[in-house]
J.: 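Here's a structure for you.
All ligand and atom numbering here is 1-based and tracks the order in the structure.
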Amino acid sequence: MTDVPVNHPRYESLRLREAIVAGVNAGVTSQHGLIAHGRGEAYDYLLGEQTHTFARAAIAAAAHLLSKARHPVISVNGNVAALVAENLVRLSETLGAPLEVNIFHTSKTREEAIRNCLLAHGANDVLMPSTEAELAFIESNRRFVHPQGIFKSDAIFVPLEDGDRCQALRKMGKAVVTVDLNPMSRTSRTASITIVDNVVRALPLLIDALEGAAVRGGDQAPANFDNMLNLAAAEAAIRANHV
Ligand code: PTJ
């Protein structure tokens with residue numbers, strides 16, 4: 001960052017703000033993405049800006065679910081492209097899952113910018129939304145998907161999802177793994193597995209969990225993961241610290 005000293009107490013938070021602003025300036029992130037980021041910041045603050053035990057449990061369950069999926073896909077929007085493009089590419093390689101651009105705020109130009117951002121960070125191929133395949137149960141731009149990607153998938157990793165599409169994907173019988181700092185959001189409550197953590201911290205841990213499982217020659221199913229109980233633990237952590 002240009003003018004913030006590394007020892008500034010809010011350095012990491014300010015670095016992420018700068019990354020999101022850079023994403024907007026590069027045409028990757030929408031202006032609405034700034035507001036969504038601010039909401040995430042607020043929840044992260046309430047969570048003490050750390051990865052909690054409930055997030056680690058969700059990451060272990062997510063690694064298991066995604067590694068067992070027949071056709072996992074990684075859905076990328078403008079916020080995550082700005083924050084974690086390199087790790088999305090690493091996840092795609094580790095999991096052998098395609099990256100697919102899918103955004104809420106309609107813009108062909110931004111879809112292309114997100115694709116280019118992923119290619120610049122080492123992706124070989126990026127699937128794009130198409131009018132050849134549409135998701136059921138949803139009206140927004142996010143219904144347009146790639147026939148060989150999200151449309152065909154049995155499991156989707158979609159950090160910072162919106163509630164409507166999450167519900168639609170679940171109704172279509174697909175498993176959804178999301179990352180959302182708000183344990184009370186509709187997405188959090190609808191997803192199969194919700195990792196309540198900042199995507200910046202959660203993604204490297206998810207990649208580690210998948211790589212660790214590969215080294216061990218197969219992972220073990222985490223015992224009794226229950227998404228709603230896990231979300232209750234996240235909400236309790238917020239209340240214990242701040243009410
Ligand atoms: O690029 P687009 O058009 O697809 O737009 C992307 C956004 C994120 C703007 C869009 O999907 C949106 O409006 O999302 P929402 O409905 O505001 O939901 C965003 C959720 O992500 C909120 O619950 C935030 O708390 C959460 N969030 C924001 N930043 C982070 C986060 N969760 C994890 N890590 C973050 N860094």
Side-chain angles (χ1 to χ4, degrees), residues 12-52 54-55 58-59 62 74-85 87-88 99-118 126 128-129 135 138 140-145 150 156-169 176-191 193-206 231 234-235 238:
E12 180 58 12
S13 175
L14 293 168
R15 188 184 69 79
L16 296 185
R17 277 190 185 183
E18 191 132 316
I20 279 286
V21 170
V24 174
N25 291 337
V28 163
T29 309
S30 72
Q31 292 180 346
H32 312 81
L34 296 173
I35 298 166
H37 184 81
R39 190 148 53 132
E41 262 190 3
Y43 279 103
D44 208 9
Y45 194 83
L46 294 173
L47 286 162
E49 294 168 334
Q50 57 178 298
T51 303
H52 289 258
F54 49 76
I59 287 167
I74 301 161
S75 179
V76 182
N77 68 25
N79 281 51
V80 292
L83 292 176
V84 288
N87 276 326
L88 289 168
L99 294 159
E100 178 167 338
V101 175
N102 189 274
I103 61 176
F104 181 72
H105 301 286
T106 317
S107 160
K108 286 287 152 213
T109 319
R110 200 156 60 81
E111 284 170 359
E112 209 44 55
I114 295 171
R115 176 171 180 272
N116 289 334
C117 169
L118 293 169
V126 178
M128 298 298 279
L135 298 178
I138 180 172
S140 78
N141 184 56
R142 296 194 92 167
R143 73 181 185 277
F144 297 112
V145 290
I150 290 171
I156 305 172
F157 177 67
V158 50
L160 282 63
E161 172 67 302
D162 70 86
D164 276 357
R165 194 177 69 145
C166 190
Q167 266 172 343
L169 293 168
V176 177
V177 174
T178 194
V179 184
D180 193 329
L181 279 159
N182 176 2
M184 290 159 283
S185 76
R186 215 150 39 95
T187 298
S188 287
R189 307 181 83 77
T190 314
I193 297 176
T194 307
I195 302 166
V196 180
D197 197 10
N198 197 314
V199 68
V200 172
R201 293 190 299 269
L203 207 42
L205 295 174
L206 179 60
L231 291 174
E235 194 178 329
I238 290 173

J.: What's the spacing between Met184 CE and Ile238 CD1 if we round to 0.5 Å?
T.: 5.0 Å

J.: Which residues satisfy the side chain to side chain donor-acceptor pair (under 3.5 Å) test with Ser30, sequence neighbours excluded?
T.: none

J.: Give every residue pair that meets the salt bridge (charged side-chain N to carboxylate O under 4.0 Å, His left out) criterion with at least one member in residues 176-189, sequence neighbours excluded.
T.: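 Passing the test, one end in residues 176-189: Asp164-Arg186.
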
J.: Under a 3.5 Å distance rule, please check whether His52 uses its side chain to pair with a backbone N or O of Leu47 as donor and acceptor.
T.: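 The answer is yes, because a donor-acceptor pair under 3.5 Å joins these two groups.
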
J.: Does Val158 reach the side chain of Val177, with side-chain heavy atoms less than 4.5 Å apart?
T.: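 SC-SC contact between Val158 and Val177 ruled out.
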
J.: Go ahead and list the nitrogen or oxygen contacts between ligand 1 and the protein that come in under 3.5 Å, distances to 0.1 Å, or just say none.
T.:
residue: ligand 1; atom: 1 (O); partner: Gly78; partner atom: N; Å: 2.9
residue: ligand 1; atom: 1 (O); partner: Arg110; partner atom: NH1; Å: 2.9
residue: ligand 1; atom: 3 (O); partner: Phe104; partner atom: N; Å: 3.1
residue: ligand 1; atom: 3 (O); partner: His105; partner atom: N; Å: 2.8
residue: ligand 1; atom: 3 (O); partner: Arg110; partner atom: NH2; Å: 2.7
residue: ligand 1; atom: 4 (O); partner: Phe104; partner atom: N; Å: 2.7
residue: ligand 1; atom: 17 (O); partner: Arg39; partner atom: NH2; Å: 2.7
residue: ligand 1; atom: 23 (O); partner: Asp180; partner atom: OD1; Å: 2.8
residue: ligand 1; atom: 23 (O); partner: Asp180; partner atom: OD2; Å: 3.3
residue: ligand 1; atom: 32 (N); partner: Leu181; partner atom: N; Å: 3.2
residue: ligand 1; atom: 34 (N); partner: Val199; partner atom: N; Å: 3.0
residue: ligand 1; atom: 36 (N); partner: Asn198; partner atom: OD1; Å: 3.0

J.: Test: side chain to side chain donor-acceptor pair (under 3.5 Å). Region: residues 107-117. Which pairs qualify, not counting sequence neighbours?
T.: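 Counting only pairs at least two positions apart or across chains, the side chain to side chain donor-acceptor pair (under 3.5 Å) contacts touching residues 107-117 are Lys108-Glu111, Glu112-Arg115.
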
